[in-house]
*Asks:* 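For reference, the structure I am asking about is given below.
Here is the naming used below: chain letters follow the sequence lines, and residue numbers restart at 1 for every chain.
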2 protein chains.
Amino acid sequence: MAILVFVLKWLQWKYLIVDNAIDIYVGLIAVFFTILGIWLATQLTKPKVEQVIVEKEVYVPLSEDFAINQSALEALNLTKREFEILQLISSGHSNAEIADNLFLSLSTVKTHLSNLYVKMDVKRRTQAVDRAKKLQIVP
Amino acid sequence: MAILVFVLKWLQWKYLIVDNAIDIYVGLIAVFFTILGIWLATQLTKPKVEQVIVEKEVYVPLSEDFAINQSALEALNLTKREFEILQLISSGHSNAEIADNLFLSLSTVKTHLSNLYVKMDVKRRTQAVDRAKKLQIVP
DNA sequence: ATGGAGCTCATACTTTAGTACCATTTTCTG
DNA sequence: CAGAAAATGGTACTAAAGTATGAGCTCCAT
């Protein structure tokens, strides 16, 4: 603003003696401030963010080709721990190994498994694994 | 431009008699043209678009039918009976059930399984099943 | 014919898995 | 905050799985 006033005063002194110089003066100001406005606008407008979703085909390797059957899993109504332990017996772990991995006692693992067998309607861990694979709730 | 000149003339006539009114005059012009510039900029410039590319993984389903990995099976060097019993434990059968199905004694089943575990380099039936599935020698 | 491979079975044993029942603590949830 | 659900753990027991060893049988190839 200080600069602006100074410029105005200078222009006033220089051109005020000339008749009609006021028109040129105003024209210059108009042009100047129009450019200023344009510059302000380009600086201040936020860029619109546009999300472009690119579908990328993923050929999953056989070992990882597994999409969990969420509905089947929910139908079984398993708890977190039960499902966790189911995953571990599916990959061939013994109860003792599971207890070690999850920092649980053997008792707890057995308790979870017993409840799991009831929920899955099976009698053995091997049956549980077979059923889980058929239901596609484990790889 | 015609409108602009008209407005200027009008303002000139109205305020020129007043001393220092020129400052207000110029201020108004400045504000007006700044706004004009902003308006022009928003109208004329293309909207800035920031593209955010989001990769969406599309899982390509693989064929469901099971093709046995013959070479892996041969590499294990299993006998007929051992493979037969492997298939049965894979579907969750107990040793007693296997003995019944194949008209064998429990001892025989256990013997075959012990040999099987050695050949597959596993310690438990669940590990054997897991490995067999990973090798794709059972569904 | 004979020796090896595969199949069968047995006994005796150890280990692991599974059942039943109970108790405490933690974590949600209405 | 009270009650339910989940998680944890213990004991005692039974059932199943797994190990080790030995032995008889059949079939096939050298």
*Asks:* Would a 4.5 Å heavy-atom cut-off, applied to side chains only, mark B/L102 and B/I85 as touching?
*Replies:* yes
*Asks:* Do B/R131 and B/K134 have side chains that approach each other closer than 4.5 Å (heavy atoms only, starting at C-beta)?
*Replies:* no
*Asks:* Are the side chains of B/L104 and B/I98 in contact, using a 4.5 Å heavy-atom criterion?
*Replies:* no
*Asks:* Starting at the 5' end of DNA chain C, which residue's closest nucleotide do you reach first, B/F103 or B/N77?
*Replies:* B/N77
*Asks:* Roughly how far apart are B/S105 OG and B/D100 CG, rounded to 0.5 Å?
*Replies:* 11.0 Å
*Asks:* Indicate yes or no: at least one non-hydrogen side-chain atom of A/T108 is less than 4.5 angstrom from one of A/R81.
*Replies:* no
*Asks:* Using side chain to side chain donor-acceptor pair (under 3.5 Å) as the criterion, list what pairs up with B/N115, not counting sequence neighbours.
*Replies:* none
*Asks:* Residues from residues 107-119 of chain A sitting under 4.0 Å of DNA chain C, heavy atoms only?
*Replies:* A/K110, A/S114, A/Y117
*Asks:* Please list, in numerical order, the residues of residues 78-94 of chain A that have a heavy atom closer than 4.0 Å to any atom of DNA chain C.
*Replies:* A/S94
*Asks:* Indicate, with a heavy-atom threshold strictly under 4.0 Å, whether A/L106 touches base, sugar-phosphate, or nothing.
*Replies:* nothing
*Asks:* For B/G92 versus A/T126, what's the shortest heavy-atom pair and its separation?
*Replies:* O-OG1, 3.6 Å
*Asks:* Check A/E97 with B/R124, please: is the shortest side-chain N to carboxylate O separation under 4.0 Å?
*Replies:* yes
*Asks:* Anything under 4.0 Å to a heavy atom of chain A counts; send over the first and last such nucleotide of DNA chain D, read 5' to 3'.
*Replies:* D/dA6 to D/dA17
*Asks:* How many angstroms lie between CD1 in A/I89 and CG in B/D130, if you round to the nearest 0.5 Å?
*Replies:* 11.5 Å
*Asks:* Between A/K119 and A/L76, is any pair of side-chain heavy atoms under 4.5 Å apart?
*Replies:* no
*Asks:* Hydrophobic clustering (ILVMFWY, side-chain heavy atoms < 4.5 Å, transitive) - are B/I68 and B/V138 grouped together?
*Replies:* yes
*Asks:* DNA chain C: A/K123 or B/L102, which has the more 5' nearest nucleotide?
*Replies:* B/L102
*Asks:* Rounded at 0.5 Å granularity, tell me how far CG in B/L78 sits from CD in B/E74.
*Replies:* 11.0 Å
*Asks:* Considering all heavy atoms of both residues, which atom of A/A128 and which atom of A/L86 are nearest to each other, and what is their separation?
*Replies:* O-CD1, 4.2 Å
*Asks:* Give me the first and last nucleotide of DNA chain C, going 5' to 3', that has any atom under 4.0 Å from a heavy atom of chain B.
*Replies:* C/dG6 to C/dA17
*Asks:* Please check this pair: side chain of B/Q127 against backbone of B/K123, looking for a donor-acceptor N/O pair closer than 3.5 Å.
*Replies:* yes
*Asks:* Bend across the helix from C/dA1-D/dT30 to C/dG30-D/dC1, to 10°, with axes taken over 5 pairs at each end?
*Replies:* 50°
*Asks:* To check you understand the geometry: which heavy-atom pair defines the closest contact between B/A96 and B/L106, and what is its length?
*Replies:* N-CD1, 3.8 Å
